Amino acid sequence: MDITFKHVSYIYQRKTPFEHKAIDDLSFHIPTGTFTAIIGHTGSGKSTLIQHLNGLMRPSEGEVTIGDYRLTHDEKPNHMKALRNRVGVVFQYPEHQLFEETVKKDIAFGPENFQVPEKEIENRVRDITQEVGLSEELLERSPFDLSGGQMRRVAIAGVLATKPDVLVLDEPTAGLDPRGQRDMMDMFYDMHKRQGLTTILVTHSMEDAVKYADHVMILNNGTKYMEGKPEDVLTQREALHNVQLDVPEMVQFLNAFSDKFGTQIPFQRQSEADLAKEIRDVLKGARRNE
Amino acid sequence: MRDKLVEFKNVSFRYGEDEPWVLKNCSFEIYENEAIAIIGHNGSGKSTIAKLMNGLLFPQEGAIVINGRTVTQDSIWEIRKDVGMVFQNPDNQFVGTTVQDDVAFGMENRGIERGEMVKRIDDTLSAVGMQEYRLTEPHKLSGGQKQRVAIAGVLAIFPNVLILDEATAMLDPRGRTDIMKTITRVMAERSLSLITITHDLQEVVQAERVIVMNEGAIWDEAAPREIFEKKAELRQIGLDIPFVAALSDELQKAGVPINHEALNHRELLEELWTSHSSM
């Protein structure tokens with residue numbers, strides 16, 4: 001489902017002394033099947049933005065369209081529930097939303113609400129449990145007896161069980177250990193590819209944006225500051241510094257390398273192994289030319 | 001020689017008699033004004049260490065001594081004056097109706113007089129860059145802002161030990177750097193030992209000493225440089241290594257000799273300069 005924002009603003013506590021514009025005349029377009037990373041420092045409007053994607057918020061001004069669903073200040077879709085069935089949002093610390101007696105019931109809660117037949121729910125729970133890397137033995141356990149990482153997986157499984165077309169991830173790996181972070185991001189990416197999802201990742205991690213996204217949008221003060229391919233946007237040091245962001249560590253290193261050795265190795269989202277070979281070749285070349 | 005501020009003596013902990021040991025025979029010491037990082041996979045016992053340090057949990061075996069005092073049911077109120085703690089999720093730790101009330105809360109509990117309180121609220125909120133929000137209701141703040149306020153509240157009680165239990169995990173990278181700078185500055189001004197429990201490798205690199213936990217036991221304890229030399233082993237126990245260490249590893253494999261473990265860009269570039277002159 002294509003997602004379009006047209007001149008969207010969102011104002012908290014309008015017409016009060018506390019009035020605050022969290023999103024300000026924001027326009028963008030996200031085509032179906034893309035993986036977009038939204039980056040911005042704390043308070044840039046990221047969280048407000050994503051709450052528009054499943055209709056938890058409606059724009060104060062402007063228009064949001066998600067597939068055939070249209071949200072404006074005055075109108076909401078007749079089928080808000082249908083929209084929420086298509087757009088799955090994994091909020092920050094989703095494990096805080098667990099509430100059922102067993103893991104199985106918690107994962108099934110979403111699809112039950114969307115009147116998915118019982119048999120189908122059974123199948124989905126089984127498949128998704130496996131996909132998010134939970135052992136089937138946990139299904140009858142209370143979600144509150146699990147470790148933090150496992151609880152996170154249960155909560156995510158609950159969102160995935162509704163089979164959304166659009167998957168919105170708000171810092172999904174915060175608090176997990178490095179391996180847990182990598183496993184979880186790889187899982188989302190794999191699912192994104194296999195199921196042709198439209199994925200929106202809100203993140204602070206430039207490294208994740210580089211690794212997974214094909215499109216990056218930088219937010220600042222509730223409005224779009226930059227957008228484009230990760231390798232184009234995330235290499236602009238000055239522009240990013242101006243909005244309290246830094247280039248990915250590899251880009252910082254490549255700049256420092258260029259200062260010292262006088263050769264700029266281009267940033268192409270290469271792996272560390274590939275970069276090492278490029279550095280070796282530059283060093284050998286430099287030696288030969290002396 | 002710095003004074004010993006925290007001592008774990010053969011500490012073991014489990015949640016119940018039938019439960020597995022979460023912490024197994026852990027012993028370590030932390031000194032005055034020292035910056036320590038504790039790393040390890042989820043469930044390795046890191047957070048348990050933090051909770052034992054200020055008496056949120058008590059060990060079944062061994063003893064914990066903080067500033068000369070053994071942690072017991074009777075001593076926890078005194079211990080908690082020494083040990084300040086900030087957790088990962090700030091939503092669980094707010095009590096005040098405004099930011100300044102919240103920062104005042106810990107001080108009120110310790111009977112600090114008003115004039116001093118006002119001064120400390122000012123100082124700590126500006127240290128974390130939140131002064132202009134002093135009258136804001138905490139629930140209106142973003143996650144990162146809340147976390148700064150939580151840190152201000154703890155710094156205001158002048159603890160001897162500050163434990164950050166993944167407290168910067170929700171901050172953006174710049175916010176993270178700012179907080180760490182603030183704490184470093186406080187450490188320079190007054191005696192404060194810092195224990196960061198973290199997955200952030202930049203924070204680990206900045207520590208003087210790193211304790212690596214694995215499955216409830218201390219796996220290693222050394223300076224960051226020595227720790228990150230053990231790349232393959234660290235990966236095996238589910239941990240990551242910093243970009244510089246990973247790139248050094250790949251450079252070696254690609255036939256570029258790296259003779260000294262580099263911790264930052266500058267050091268790695270020096271290494272490359274040396275090896276390029278001899279290639």
Side-chain angles (χ1 to χ4, degrees), chain A residues 12-13 18 20 39-44 46-47 92-93 96 147-150 152 171 173-183 203-207 241 243-246 248-250 252-253 255-257 259-261 271-284 286-287 290, chain B residues 39-44 46-47 88-89 91-92 136-137 140-148 166 169-178 199 201-202 234-235 237-244 246-256 265-266 268-270 272-273 275-279:
Chain A
Y12 283 100
Q13 295 181 286
F18 303 105
H20 169 61
I39 304 175
H41 64 84
T42 309
S44 57
K46 303 183 300 262
S47 301
Q92 284 180 10
Y93 295 102
H96 292 171
S147 76
Q150 288 171 326
R152 176 84 49 99
E171 296 263 8
T173 64
L176 300 182
D177 60 30
R179 183 185 288 167
Q181 295 192 2
R182 198 163 350 125
D183 288 353
T203 183
H204 288 317
S205 164
M206 292 292 183
E207 274 64 32
H241 276 193
V243 291
Q244 285 105 56
L245 296 172
D246 285 313
E249 190 171 1
M250 191 185 278
Q252 290 176 30
F253 182 78
N255 291 339
F257 183 86
D259 288 346
K260 195 163 179 86
F261 291 89
S271 67
E272 280 137 6
D274 289 338
L275 175 60
K277 287 180 199 126
E278 289 177 79
I279 290 175
R280 178 195 59 199
D281 295 345
V282 168
L283 295 183
K284 277 189 177 158
R287 184 80 190 134
E290 268 168 21
Chain B
I39 59 176
H41 57 84
N42 285 132
S44 62
K46 303 181 304 275
S47 294
Q88 186 185 135
N89 189 343
D91 285 329
N92 299 339
T136 308
E137 295 167 38
K140 288 195 179 139
L141 301 175
S142 72
Q145 291 171 326
K146 284 178 187 166
Q147 202 59 306
R148 286 159 193 255
E166 292 183 37
M170 288 311 291
L171 300 185
D172 51 46
R174 191 63 67 91
R176 225 175 262 185
T177 316
D178 287 351
H199 296 309
L201 297 167
Q202 281 313 315
L234 285 171
R235 284 192 174 125
I237 60 168
L239 297 178
D240 240 347
I241 57 172
F243 168 77
V244 167
L247 183 57
S248 303
D249 206 22
E250 294 297 343
L251 283 162
Q252 295 268 26
K253 284 186 204 156
V256 181
H265 293 182
R266 191 180 45 77
L268 180 55
L269 289 166
E270 280 305 323
L272 288 176
W273 190 258
S275 72
H276 135 258
S277 318
S278 60
M279 252 166 105

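Proteins get letters first, then strands, A, B, ... in listed order; numbering begins at 1 in each. Note that the structure is a prediction, hence the values are computed from the model and not measured.
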Open item on the list: To the nearest 0.5 Å, what is the distance between NE2 on H204(A) and NE2 on H41(A)?
Closed with: 10.5 Å

Open item on the list: So does L176(A) get a backbone contact from the side chain of N42(B), meaning a donor-acceptor N/O pair under 3.5 Å?
Closed with: no

Open item on the list: I need the minimum non-hydrogen distance between A174(A) and R152(A), along with the two atoms involved.
Closed with: O-NH2, 2.8 Å

- [ ] Identify which part of E207(A) has an atom lying under 4.5 Å from any heavy atom of chain B, answering side chain, backbone, both or neither.
- [x] neither

Open item on the list: Which atoms of R235(B) are under 4.5 Å from chain A, going by heavy atoms: the side chain, the backbone, both sets, or neither?
Closed with: backbone

- [ ] Under 4.5 Å heavy-atom distance to chain A, tell me which part of E270(B) shows up: side chain, backbone, both or neither.
- [x] both

Open item on the list: Which atoms of Q13(A) are under 4.5 Å from chain B, going by heavy atoms: the side chain, the backbone, both sets, or neither?
Closed with: side chain

Task: Toward chain B, the part of L245(A) with a non-hydrogen atom under 4.5 Å - done: backbone

Open item on the list: I need the minimum non-hydrogen distance between T203(A) and E171(A), along with the two atoms involved.
Closed with: C-OE2, 4.0 Å

Task: Taking every non-hydrogen atom, the tightest pair across G40(A) and K46(A) - done: O-NZ, 2.6 Å

Task: Heavy-atom pair with the smallest gap, counting every atom of V256(B) and R280(A) - done: CG2-CB, 3.6 Å

- [ ] Using non-hydrogen atoms and a 4.5 Å limit, figure out which bit of I237(B) sits close to chain A: side chain, backbone, both or neither.
- [x] backbone

Open item on the list: If I measure from the heavy atoms of chain B, does M250(A) come under 4.5 Å with its side chain, its backbone, both, or neither?
Closed with: both

Open item on the list: Only pairs of heavy atoms separated by less than 4.5 Å count here; which of Q145(B), K140(B), K253(B) has the most with chain A?
Closed with: K140(B)

Task: Side chain / backbone / both / neither for L272(B) at chain A, heavy atoms under 4.5 Å - done: both

TODO: Tell me, for F253(A) versus chain B, whether the close heavy atoms (under 4.5 Å) come from the side chain, the backbone, both or neither.
DONE: both

Open item on the list: Please find the pair of heavy atoms, one from A256(A) and one from L269(B), that lie closest to each other, and give the distance.
Closed with: CB-CD1, 3.5 Å

TODO: Please flag which part of H20(A) lies under 4.5 Å from any non-hydrogen atom of chain B: side chain, backbone, both or neither.
DONE: neither

- [ ] Taking all heavy atoms of F243(B) and all of H265(B), pick out the closest pair and write down the distance.
- [x] CD2-NE2, 4.1 Å

Task: Partner chain B: residue of R182(A), E272(A), Q92(A) with the largest heavy-atom pair count (under 4.5 Å) - done: E272(A)

